[in-house]
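Report on the following structure.
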Amino acid sequence: MTKDITAEHVLNDLRYLTLLARSFPTVADASTEIINLEAILNLPKGTEHFLSDIHGEHQAFNHVLKNASGAIKRKVNEIFSNTLRDFEKKELCTLIYYPEQKLELIRQREKDLDDWYLITLNQLVRVCRNVSSKYTRSKVRKALPKEFSYIIQELLHESSDEPNKSAYVDQIINTIISTGRANDFIIAMCNLIQRLTIDLLHIIGDIYDRGPGAHIIMDTLCNYHNFDIQWGNHDILWMGAAAGNAGSIANVIRMCMRYGNLATLEDGYGINLLPLATFAMEVYGDDPCELFIPRTNASDATFDEKTTQLIARMHKAITIIQFKLEGEIIRRRPEFGMDDRLLLHHIDLHRGTIRIEGKEYELKDKNWPTLNAKDPYALSIEEEELMRRIKHSFECSEKLKKHMRCLFTHGSMYQVCNSNLLFHASVPMNPDGTLKAIRIEGTEYKGKALLDKVDQLVRTAYFDADDSPEKDFAMDYIWYLWEGKDSPLFDKSRMATFERCFIDDKSVQKEEKGAYYSLREEESVCDMLLDEFGVTGRHRHIINGHVPVRSIKGENPIKANGKLLVIDGGFSKAYHPETGIAGYTLVYHSRGFQLVQHEPFLSTDQAIKEGKDIRSTTIVVELNSHRQMVKDTDKGADLQQQIHDLEKLLYAFRNGFIKEKERYK
Ligand SMILES: O=P(O)(O)OC[C@H]1O[C@](O)(COP(=O)(O)O)[C@@H](O)[C@@H]1O
Ligand SMILES: [Mn+2]
């Protein structure tokens, strides 16, 4: 490559090269870096892991993360094949996933603990060597826990097969045991194995809502070594709430009440629910609120009758507030085209009915004490005060701020990575297969430009200083993204929450999916979209979540001749009966793409005590004809560019354009 470099190239880039010379001041420094980078290019590509629609199921999420969708089990099987019995391999895997808890059990059970330590440490060293072999020493070193860094490096790089070194390795392990450090060391090794097994994690949206542990998932993500998030409509809803949009706040709370999910609000974010409870008891104290009993059958939370009753009342109170607040937004933003969602003024309180598109329906619930027939979208004074207090709670939550920062720093509307285009739901399309132009503040956007514009608006809503028209619009738009028909995060004709709550007629409860969801079955459509987003490569894919794959009905997550994968199999327990499984995850390693289909996860407790892993089936989507190396990835392209720049720097040093500097320590 150096031979292509000319004096002209160097002169054009002289300012940049002079800056680069600060980091690499001598020929020796620049050459060493080139050698390092070349070495990285020739390592196998790191493993990428894709998850979506986690919906607050933190236990299943943690488990899938820990077992790397079966990757750790696969490696343990490869390494020990028939030298270990099945149950021994299972024990080792459980130890790697849950080292602290498993060690506790072992300590109670084992008679000769030192012997167990010796065997186990040797096994862990072998697994660790295997998973670290894909990385440079420097990258492994960075992943090491400080206190054991030196010892682990010695163990990883000294071969115990060599007779001279074998005694040395044994001695290290024996000393770890005799100094009483075995437990801590095992925990460090297990965490390292977990960390090295997944190089990059992609979350294709919908971390929040339904299940109880979105805040726990976010905590895990905030500390995760390398990940990105493509926002889902449920994440956007929380981001809108955190930005202070009252419509989003009401939706967030309604959803939590619907699923009896007090944990995320109260324990997770310290949102004070007392004002809502007090209000609900005052206004709906005599109302059994039967339609609003929380859906706890699929959740781990159990409530006594009184609490269930209280949650039902809070649920009803916030649902009606939500419809009023949404009415306000819809009326001030006619451009959203959501007049069909203005339903409250069609209610006839005397008859207990509602008229929708000329047809009258009976309301399942006829008690609307806070509805003012003259001005149905106005909050009562008490409702207004209640929302002020709830909003204050959202604004004060430090934890929420931290998690939102993480969603903004690591998240976006879409991501292109290693020839894959990742987004949660849709790129709006017309039924004829063309991209749908959406008007936002007077300008039309479609395809990639639309998603870029939306991404920018979301950031304006959260970060822009108060009191500007741009900020006001963005605040309303972030709510629109949750349930607006042209929202790329939703793309359904409407969200029929009102109808599902109050009208006993399936036909009005229907939410029609946008054209994208059927068009994406065609390979040509996927190719068009991949071109639109500038995705190149022979093996390129679109990866989506959002719409649960009903595998129980024979639906296939692999669409468009393998060009598109939908991995919403439903971590969400509430959706298991519909999907028949507990989710898909996707693994993309150096040898190809694998889709893993999971059966429901029982509990962390059972996983530890009985070694019950999630039962999963691996479907090979695509195997690469040659092993993919770092040089075949986006990161590889970056590194090649860096090498090229360093070669220019070498040229500059060698031809007197830049002087070498001695390095002073
Ligand atoms: O089943 P639930 O939790 O009541 O939610 C139903 C609502 O969720 C939605 O499916 C949106 O959530 P998803 O993005 O998870 O699909 C709406 O279309 C629907 O109205
Ligand atoms: Mn979704």
Side-chain angles (χ1 to χ4, degrees), residues 51-57 203-212 214 217 229-240 247-248 250-261 264 291-299 311-312 315-316 318-319 322-323 326 338 340-341 343 407 411 413-414 422-428 454 479-503 506 508-514 516-517 543-550 555 566-579 583-584:
L51 314 182
S52 109
D53 296 82
I54 305 156
H55 283 302
E57 295 300 338
I203 308 279
I204 323 229
D206 280 0
I207 295 165
Y208 280 88
D209 290 330
R210 302 195 181 124
I217 298 168
I229 300 170
Q230 292 72 54
W231 301 321
N233 48 336
H234 289 267
D235 310 319
I236 277 290
L237 185 63
W238 278 78
M239 289 155 78
S248 307
N251 268 283
V252 157
I253 296 188
R254 176 183 63 80
M255 204 94 66
C256 289
M257 296 303 121
R258 176 162 160 76
Y259 283 92
N261 176 11
T264 308
L291 302 178
F292 294 91
I293 302 288
R295 291 182 67 180
T296 46
N297 45 351
S299 91
I311 298 174
H315 184 189
K316 178 166 177 183
I318 199 68
T319 302
Q322 177 195 315
F323 294 137
E326 293 185 334
M338 292 178 75
D340 69 321
R341 298 291 80 210
L343 293 167
L407 275 174
M413 285 294 291
Y414 68 92
L422 283 46
F423 55 89
H424 177 67
S426 151
V427 176
V454 168
W479 166 81
Y480 177 86
L481 285 171
W482 155 240
E483 59 177 294
K485 69 172 182 316
D486 288 327
S487 157
L489 295 181
F490 182 59
D491 197 6
K492 293 185 193 167
S493 55
R494 60 198 172 142
M495 196 172 280
T497 311
F498 184 98
E499 289 86 338
R500 292 193 306 129
C501 281
F502 294 112
I503 303 175
K506 286 260 178 294
V508 285
Q509 296 174 2
K510 221 167 157 34
E511 301 175 350
E512 298 290 346
K513 290 196 196 87
Y516 169 75
Y517 301 108
I543 302 168
N544 288 160
H546 190 54
V547 181
V549 179
R550 290 168 174 77
E555 199 184 325
V566 182
I567 61 168
D568 178 7
F571 270 86
S572 183
K573 282 197 185 129
Y575 277 46
H576 288 178
E578 256 183 71
T579 58
Y584 294 102

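We number each residue from 1, following the sequence as shown. Counting starts at 1 for both ligands and their atoms, in listed order.
The backbone N or O of Gly247 lies less than 3.5 Å from no partner atom in the side chain of Glu326, so there is not a single donor-acceptor pair. Looking only at distances, no side-chain donor or acceptor of His315 sits under 3.5 Å from a matching main-chain atom of Ile293. Between the side chain of Asn544 and the main chain of Phe423, a donor-acceptor pair closer than 3.5 Å is present. With hydrogens and angles ignored, the 3.5 Å screen pairs a side-chain donor or acceptor of Gln509 with a backbone N or O of Ile503.
Within the sub-2.8 Å shell of the Mn ion (ligand 2), the protein contributes these N/O/S atoms: Asp206 OD2, Asn233 OD1, His424 NE2, His546 ND1.
Thr319 meets the side-chain hydrogen bond (donor to acceptor under 3.5 Å, both in side chains) test with no other residue; sequence neighbours excluded. The side-chain hydrogen bond (donor to acceptor under 3.5 Å, both in side chains) check on Trp238 picks up Asp209, with sequence neighbours excluded.
Taking the side chain as every heavy atom from C-beta outward, Asn251 and Trp482 approach each other to under 4.5 Å. Arg341 has its side chain out of reach of Lys485: every pair of non-hydrogen atoms, C-beta onward, lies at least 4.5 Å apart.
Sorted by chain and number, the residues within 4.0 Å of ligand 1 by heavy atom are His55, Asp206, Arg210, Asn233, His234, Arg258, Tyr259, Arg295, Phe490, Lys492, Met495, Arg500, Glu511, His546, Tyr575.
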Could you walk me through whether His424 and Asp235 satisfy the side-chain contact (heavy atoms from CB on, under 4.5 Å) test, starting with their C-alpha distance in whole Å, then the side-chain angles of each, then the deciding distance to 0.1 Å, before giving a yes or no?
CA-CA 11 Å; His424 177 67; Asp235 310 319; over 6 Å; no

